[in-house]
S.K.: 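Take this structure, written in structure tokens, and hold onto it; I'll ask about it next.
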There are 4 protein chains.
Amino acid sequence: MNTKINRPKYNQIIDAAVKVIAENGYHASQVSKIAKQAGVADGTIYLYFKNKEDILVSLFQEKMGDFISKIEKAIEKETDAIEKLRLLISMHFNQLAEDHHLAIVTQLELRQSSKELRLKINEVLKGYFIMIDQVVSAGIDQGLFQSDLNNKMVRQMIFGTLDEIVTNWIMKDHKYDLVQQVDEVLELIVNGLAVKN
Amino acid sequence: MNTKINRPKYNQIIDAAVKVIAENGYHASQVSKIAKQAGVADGTIYLYFKNKEDILVSLFQEKMGDFISKIEKAIEKETDAIEKLRLLISMHFNQLAEDHHLAIVTQLELRQSSKELRLKINEVLKGYFIMIDQVVSAGIDQGLFQSDLNNKMVRQMIFGTLDEIVTNWIMKDHKYDLVQQVDEVLELIVNGLAVKN
Amino acid sequence: MNTKINRPKYNQIIDAAVKVIAENGYHASQVSKIAKQAGVADGTIYLYFKNKEDILVSLFQEKMGDFISKIEKAIEKETDAIEKLRLLISMHFNQLAEDHHLAIVTQLELRQSSKELRLKINEVLKGYFIMIDQVVSAGIDQGLFQSDLNNKMVRQMIFGTLDEIVTNWIMKDHKYDLVQQVDEVLELIVNGLAVKN
Amino acid sequence: MNTKINRPKYNQIIDAAVKVIAENGYHASQVSKIAKQAGVADGTIYLYFKNKEDILVSLFQEKMGDFISKIEKAIEKETDAIEKLRLLISMHFNQLAEDHHLAIVTQLELRQSSKELRLKINEVLKGYFIMIDQVVSAGIDQGLFQSDLNNKMVRQMIFGTLDEIVTNWIMKDHKYDLVQQVDEVLELIVNGLAVKN
DNA sequence: CATGAATGAGTGTTCATTCAT
DNA sequence: TATGAATGAACACTCATTCAT
């Protein structure tokens with residue numbers, strides 16, 4: 001597969017898949033339904049994707065690629081590690097809050113896929129994990145974060161927290177404002193539960 | 001469904017389901033395979049469970065019920081909120097480390113079930129969430145945790161962190177010792193990333 | 001698969017396959033059509049056969065097994081090699097003349113199957129080839145046939161001749177009497193084209 | 001279809017079909033594969049052939065046309081009927097032995113085509129059958145063959161024998177020399193199995 | 001209570017053919 | 001003539017569930 005430039009059908013199909021999966025759920029999203037939503041014939045799908053799983057992997061790669069690189073570009077302009085972290089959380093929440101369909105697909109529907117697909121999804125997430133690691137390292141270098149932090153564990157804490165918060169928000173049908181929680185989450189991650197003295 | 005007392009087949013089937021799903025994966029775990037592992041006929045399954053999903057929900061209820069009530073009993077003997085939290089983390093990790101099959105099923109395989117099943121699973125988890133809330137409240141009452149904490153968010157942070165850590169451990173094939181990370185996780189949750197002064 | 005005794009559905013399905021293939025042709029004989037003709041559900045087919053090809057192989061094995069063993073039993077009662085050969089030809093023609101459906105399936109339809117299936121079909125035919133070889137050997141031993149015959153080539157001549165004659169008869173829609181040609185064919189095989197002196 | 005003169009692509013496509021079918025088997029020989037082998041676009045095929053079946057029929061017509069007319073030219077130079085028959089067998093074997101691809105396609109692969117295709121193939125073979133009939137008639141006229149032979153049956157015997165021998169040779173992967181069997185086959189056809197006196 | 005043979009709805013994928021360029 | 005992207009009909013097989021015994 002080449003770049004997505006000048007491959008309008010490729011993107012049509014991916015966008016159709018996001019919509020169909022978000023609205024019908026993973027298991028009710030037949031290839032024929034995606035094709036119809038994309039306005040192409042069933043067979044056309046297979047000119048652009050190897051099989052059904054490949055649609056989903058590609059979907060995740062394209063969308064999460066965008067998701068991650070937007071965060072990346074934003075935080076590299078900022079020097080202060082805590083501000084970097086705030087931006088990361090803010091953009092994580094913002095991007096998902098702006099695209100409910102995508103949020104549903106990545107947080108809920110794609111997780112009920114096969115182990116093999118989830119391994120490929122994890123591959124994509126590695127880029128995000130590395131970015132978190134770099135923010136934490138920067139914080140340590142800047143004397144803002146404790147120097148003896150277990151980097152991997154911190155990353156799991158940050159990602160696990162954000163992921164759980166977004167998933168809960170979606171399960172509550174986006175009834176409250178996700179984005180206004182950014183500062184509170186940041187505060188919690190940075191300072192923990194304990195009373196300071 | 002009655003109580004599980006004197007319903008040996010009921011438990012046979014649930015234990016068979018855990019084993020079959022852990023070893024074959026969710027999608028390769030047909031009812032007939034579970035029946036064979038349990039040593040009963042396919043049709044017998046339906047004398048104890050409404051349908052396949054009901055096996056999985058019941059499995060989760062039984063196993064998570066145990067899981068939660070063991071933690072509950074342990075932490076109620078402790079008064080100090082931080083020690084309660086340490087125990088909660090410790091027992092969370094311990095119980096999953098002691099039963100790899102169960103860990104695989106609850107952390108990975110059951111998550112590829114339908115949205116409906118996951119809603120029921122969340123129902124079961126509510127008991128755990130309440131327990132976390134109580135620990136946090138106790139900490140606030142005891143002057144150990146900040147009084148203006150957003151209780152729901154704190155719970156999402158704690159659960160999200162523990163869940164992500166356990167899932168990573170399983171995806172790395174249990175290659176390292178989960179239990180020895182307890183204190184480090186506790187420290188991170190209680191004190192956050194920031195340098196104290 | 002056990003013996004066919006007490007497996008009524010097994011035989012129902014095979015007989016349905018013969019009828020459906022003879023009437024609709026190989027390529028228009030879907031599993032669902034065979035199931036309907038057999039009076040069972042589609043899925044039932046797969047309780048008795050591994051897959052569609054297995055129906056065809058089994059069909060051939062069952063029917064050709066009968067076909068061959070009937071000829072076998074008949075010719076072993078006869079001692080004279082030429083009479084054995086006459087019986088072989090006679091029963092070959094008779095059995096196919098008596099079951100037009102089976103004749104169509106084995107002579108025409110099953111030959112448009114995949115190379116793999118045809119290899120398995122050849123396996124079954126080996127029993128027939130051995131029988132022909134034995135008749136020829138007997139004829140040599142009895143001083144009736146030439147002693148320097150190439151046994152394999154003779155077998156190919158006999159089988160090729162019978163097969164071509166039956167196929168032509170079927171392609172002419174069984175319009176003439178196959179069985180009354182037995183003596184003429186025997187004469188041709190035994191004495192060849194040449195004028196005797 | 002016009003004559004093949006000045007229709008280079010027409011022959012390119014037919015030769016590509018022979019190669020592709022011989023190497024991949026009938027069922028794995030998609031139109032697109034033949035087009036690629038021929039060095040033309042898929043759509044171009046349909047400028048020269050009505051549909052896929054038409055490629056195969058034309059292939060058979062072209063190749064068998066050659067096959068038959070070469071035999072025809074050879075035997076008309078010979079007057080003795082037995083020598084005619086020897087030449088016919090010899091050239092039948094020789095031509096197929098010299099072009100393994102063609103032999104595989106005509107003896108094995110094309111036979112797994114639909115009944116309709118095989119009817120058209122038979123049409124082409126009629127020319128060959130007539131030629132055999134003429135050789136047999138010549139033999140009778142020359143007093144070499146019995147006068148009361150059933151011409152049609154003799155033709156089926158001769159063709160069935162040659163066809164079966166060639167098919168066996170191909171199924172044994174051309175492991176032995178087909179051509180050196182000519183005299184033995186001729187002897188068998190002319191004199192039959194019986195001892196002469 | 002227990003059995004297990006039978007059911008039948010549901011779907012990803014292929015590939016011959018078309019037609020706008 | 002020539003192209004090749006797009007089409008869409010067609011089908012074997014699985015497996016959760018039932019029910020006669």
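These values consider heavy atoms only, across backbone and side chains, with no hydrogens, waters or symmetry-generated copies. The chains referred to below are lettered A, B, ... by the order of the sequence lines, with proteins before strands, and numbering in each begins at 1. The shown structure was predicted, so the numbers you read here are calculated from the model rather than taken from an experiment.
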S.K.: Counting N and O atoms only, with roles assigned by atom type, does the side chain of T44(A) sit under 3.5 Å from a partner on the main chain of V40(A), one being a donor and the other an acceptor?
M.R.: no
S.K.: Give me the distances for all protein-to-nucleotides 9-13 of chain E N/O pairs that come in under 3.5 Å?
M.R.:
{"unit_1": "dT11(E)", "atom_1": "OP1", "unit_2": "Q30(A)", "atom_2": "NE2", "d": "2.9"}
{"unit_1": "dT11(E)", "atom_1": "OP2", "unit_2": "Q30(A)", "atom_2": "NE2", "d": "3.3"}
{"unit_1": "dG12(E)", "atom_1": "OP1", "unit_2": "K52(A)", "atom_2": "NZ", "d": "3.0"}
{"unit_1": "dG12(E)", "atom_1": "OP2", "unit_2": "V31(A)", "atom_2": "N", "d": "3.0"}
{"unit_1": "dT13(E)", "atom_1": "OP2", "unit_2": "Y46(A)", "atom_2": "OH", "d": "2.9"}
{"unit_1": "dT13(E)", "atom_1": "OP2", "unit_2": "K52(A)", "atom_2": "N", "d": "2.9"}

S.K.: Please confirm whether the backbone N or O of R111(B) pairs with a side-chain atom of R111(A), one donor and one acceptor, at under 3.5 Å?
M.R.: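 Not at all, since once roles are kept as given, no pair shorter than 3.5 Å links the two residues.
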S.K.: Could you list where the contact with chain C starts and ends along DNA chain F, reading 5' to 3', using a 4.0 Å heavy-atom cut-off?
M.R.: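 Range of nucleotides touched by chain C: dC11(F) to dT14(F).
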S.K.: Charged N to carboxylate O below 4.0 Å: is that the case for D15(D) and K63(D)?
M.R.: yes
S.K.: For K33(A) and A28(A), indicate whether the former's side chain and the latter's backbone hold a donor-acceptor pair under 3.5 Å.
M.R.: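 Side chain of K33(A) to backbone of A28(A), a donor-acceptor pair under 3.5 Å: yes, one is there.
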S.K.: Which distance, rounded to the nearest 0.5 Å, do you find between the CD1 of I55(C) and the OH of Y46(C)?
M.R.: 6.5 Å
S.K.: Should the pair K126(B)-E123(B) be classified as a salt bridge under the 4.0 Å nitrogen-to-oxygen rule?
M.R.: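 Salt bridge: yes.
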S.K.: For G39(D) and for I45(A), locate the closest nucleotide of DNA chain F by heavy-atom distance; then report the residue assigned to the nucleotide nearer the 5' terminus.
M.R.: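 The residue closer to the strand's 5' end, by nearest nucleotide, is G39(D).
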S.K.: Below 4.5 Å, heavy atoms only, C-beta onward: do L96(B) and F67(B) meet side chain to side chain?
M.R.: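 Yes. Closest side-chain heavy atoms under 4.5 Å.
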S.K.: Expressed as a whole number of angstroms, how long is the span from I55(D):CD1 to dA16(E):P?
M.R.: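 About 9 Å, once rounded to whole Å.
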S.K.: Can you find a pair of side-chain heavy atoms, one from F49(D) and one from V57(D), that are under 4.5 Å apart?
M.R.: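 When only atoms from C-beta onward are counted, V57(D) and F49(D) do not touch, as no gap falls below 4.5 Å.
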S.K.: Nearest-nucleotide wise, let me know which of T44(A) and T44(C) is further upstream toward the 5' end of DNA chain F.
M.R.: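 Looking at the nearest nucleotide for each, T44(A) comes out on the 5' side.
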S.K.: Strictly distance-based, threshold 3.5 Å: is any side-chain N or O of Q37(C) a donor or acceptor partner for the main-chain N or O of A16(C)?
M.R.: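 Such a contact is absent between Q37(C) side chain and A16(C) backbone.
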S.K.: For A41(B) and A41(C), take the nucleotide of DNA chain E holding the closest heavy atom to each; which residue's nucleotide lies nearer the 5' end?
M.R.: A41(B)
S.K.: So what stems show up for DNA chain F if we need 3 or more Watson-Crick or G-U pairs in a row, all under 3.5 Å?
M.R.: E:2-21 with F:2-21
S.K.: Strictly distance-based, threshold 3.5 Å: is any side-chain N or O of S29(A) a donor or acceptor partner for the main-chain N or O of G25(A)?
M.R.: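 Answer holds: yes.
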